[in-house]
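For reference, the structure is listed below as structure tokens.
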Protein chains: 2
Amino acid sequence: MSVGIKDVAVAAGVSPATVSRVLANHTVKPELRERVETAIRLTGYRPNLSARRLRSQHSNTIGLIVPDIRNPFFTTLSRAVEDAAYLANMRVVLCNTDENPSRETMYLRLMQEERVTGVIYAPTRETAAQLDRLNFDFPVVLVDRHGPPGRHDSVVLDNRQAAATLVSHLYARGFRVIEGLFGNTSSTARDRLSGYTEAMNDCGLTPRANFVAPNPEAAVVAAREILSRKDKPEALIASNGLILLGIAQAMQELELRAPQDIALAGFDNEIWTGLIGSGITVIQQPVADIGHSAMRLLFERIETPEMAPRVVMLSGKLIERNSTKRSA
Amino acid sequence: MSVGIKDVAVAAGVSPATVSRVLANHTVKPELRERVETAIRLTGYRPNLSARRLRSQHSNTIGLIVPDIRNPFFTTLSRAVEDAAYLANMRVVLCNTDENPSRETMYLRLMQEERVTGVIYAPTRETAAQLDRLNFDFPVVLVDRHGPPGRHDSVVLDNRQAAATLVSHLYARGFRVIEGLFGNTSSTARDRLSGYTEAMNDCGLTPRANFVAPNPEAAVVAAREILSRKDKPEALIASNGLILLGIAQAMQELELRAPQDIALAGFDNEIWTGLIGSGITVIQQPVADIGHSAMRLLFERIETPEMAPRVVMLSGKLIERNSTKRSA
DNA sequence: TTATGAACTGAAAAGGTTTTCAGTTTTCTG
DNA sequence: CAGAAAACTGAAAACCTTTTCAGTTCATAA
């Protein structure tokens, strides 16, 4: 049998209530506090968090629902979220959805059952669209992706702007035939597509977009096709880090080099983008900031539930590297 | 007020006990079961996991304690652990220790308070050394790193063998002056050091080992020093992926290329190791296997607590790439 | 000194489940 | 068809805390 608060109370010659108060740093006479503390030490007492949560109705738990923790963007995000959580003395339950809506709803249900304090969530477009139909009894902050307008707190990159930046960068460097390879599951990919399309039109160029599941395996296949065409484009844009990776792998297979054979640019400043070849031009996202902002929004929402939903939009930063150098 | 099992019971005209039995798939008359199930649907009832855990004394939670989820090795490991956990209907609480012993003990305490079913844990050498002094009331499976011999279940790579493989590979390719850059916090780095040292001696070569905190930032600094020496080695071995990355960054800074300027090999077959330059030779670890094995060991330990501790040792696989090609 | 209020403490209830135990119904056996 | 066994159900206890409420002690002010 493990030692409970009663045992400590007996050992210290006080009531369980007093032990509880010592634990919670409530007001207790110094002498009793002393006795309780040594009793805790002696008995090796460890509070039972399930019991505490049940009685206090505070789970001190936040849920983090992301497509796949192996995507470095979400890895870094999760680390930022966890650091902030543990500072606030909260636990994090991590869920990987694999961009699968049925897993999403299952995890949202789980969050309900855990009675989480709040959730940070990167939804697929499919689930995001129904987000106002669902009714959670915990606050949700969307991250990296947005839901129906004006309904939820969210933290996103200025994706249209970022994609447009990429296009105008390529345009300025002299590229004219610029294709894009975009994910098909997230609002983010959509926004980047819009930014790309508009910017292309503004430059008087014809946009050409390809769509693919946002993972390297699917991207390799798509990239192979694009890169093998005899009318292959002068430049290729990837809508996220995983797709960019797929393209890089396909290029290695086909022994194509950037920018000599084709220019290449994308999103997410992963380590390898600076190391490979002579560097790949990317939009760097302030990933840790995104995580911290999301936690801040979440805490503020918990504090002030009736506050109007807020959208935090952060800017990406263009990291120019050699993959978009003007070809000789 | 949220709806509880009592409300469902009232709605279905049965006792709370019966609702509980329906939930747990115990034996209940079909007709009642039917009524309960519709009552659950109608009321939108979601069980309270804290209450369930408190009463049933099963947390269905496993703890995963790793140095840093951003290390791709642990990212992949965690994904494998979580997949296995959710299949077994368990939650995962993830903890990052940053190789910091005081964070380790704090998280182990937390695991105690969560009354976790078990823990999967990659300890620092410092904490590992005291591991038999600590007494947990949950099973622990060590992963990637080992503790005092014969005390705990663990899943590790055959690190000495793997390091030796790297040395003999380099030797076979004609390299003779081979230095190593090793982490200083884990048993794993120590084992790789031993393997390196022995293999070097066996080849009649003089080992030369450098030590560094196992992160890219520290490794860059150390690598700069080594690579700038006028008597710099013919080949350099990194004891893990983060250190290898640091070396790669330093080489890029100094405009050194492998294998032309110096041969390079290391551990962890991260994506970028195949993409950078003409590829870096590495030992690939069966990371997902390690995670799954750890979960298997954990479940078996829970099943049969008195079983003697077991060590699962997996083999690494040499991925030969151009960074260790014989220099002209 | 006494009244007043503040500070502190303990008994008991409450939080939402599962589980035990005893009782009731149903099924089976002869 | 009687009796025994099996299957099922409900009342109440239990899990371990926190919190409320009332009571006690202590200090302060009049």
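Basis for what follows: all heavy atoms, side chains included, without hydrogens, waters or symmetry-related copies. Residue numbers begin at 1 in each chain, while the letters A, B, ... track the order of the sequences.
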- Please check the phosphate of dA14(C) (OP1 and OP2 only) for any side-chain N or O of Arg55(A) closer than 4.0 Å. no

- Message: Measuring from the side chain of Ile5(A) (C-beta onward, heavy atoms only), which nucleotide among dT17(C), dT19(C), dT18(D) has the closest atom?
- Response: dT18(D)

- Query: Base, sugar-phosphate, or nothing: which does Thr27(A) touch, judged by heavy atoms less than 4.0 Å apart?
  - Reply: sugar-phosphate

- Note on the structure: Rounded to whole Å, the CZ-P distance (Arg46(B) to dT17(C)) equals 11 Å

- Message: Just the rounded figure in Å: distance from P of dT17(D) to NE2 of His26(A).
- Response: 16 Å

- Tell me what Thr18(B) touches on the nucleic acid: a base, only sugar-phosphate, or nothing, going by heavy atoms under 4.0 Å. sugar-phosphate

- Query: Does Arg103(A) pair with Glu82(B) as a salt bridge, N-O distance under 4.0 Å?
  - Reply: no

- Message: If the cut-off is 4.0 Å, is Gln57(A) near the phosphate of dG16(C), judged by side-chain N/O to OP1 or OP2?
- Response: yes

- Query: Can you name the nearest heavy-atom pair linking Asn240(B) to Pro214(B), along with the distance?
  - Reply: ND2-CB, 3.8 Å

- Item | Asp153(B)/Arg296(B) ion pair, N-O < 4.0 Å | no

- Message: Categorize Arg21(B) for me: base, sugar-phosphate, or nothing, with a 4.0 angstrom heavy-atom threshold over every strand shown.
- Response: base

- Message: When you measure from the side-chain N and O atoms of Ser20(B) to the phosphate of dT18(C), is any distance below 4.0 Å, counting only OP1 and OP2?
- Response: yes

- Item | Sequence neighbours excluded - salt bridge (Lys or Arg N to Asp or Glu O under 4.0 Å) pairs with any residue from residues 23-32 of chain B | Glu31(B)-Arg35(B)

- Output yes when at least one side-chain N/O atom of Ser15(A) is less than 4.0 Å from OP1 or OP2 of dG10(C), else no. yes

- Message: In this structure, how many angstroms lie between the P atom of dA7(C) and the CZ atom of Arg33(A), rounded?
- Response: 15 Å

- Message: Any base atoms under 4.0 Å from Leu23(B), or only sugar-phosphate, or nothing? Heavy atoms, all strands.
- Response: nothing

- Task: Using atom CG of Asn25(B) as one end and atom C1' of dC8(D) as the other, report the distance to the nearest whole Å.
- Result: 16 Å

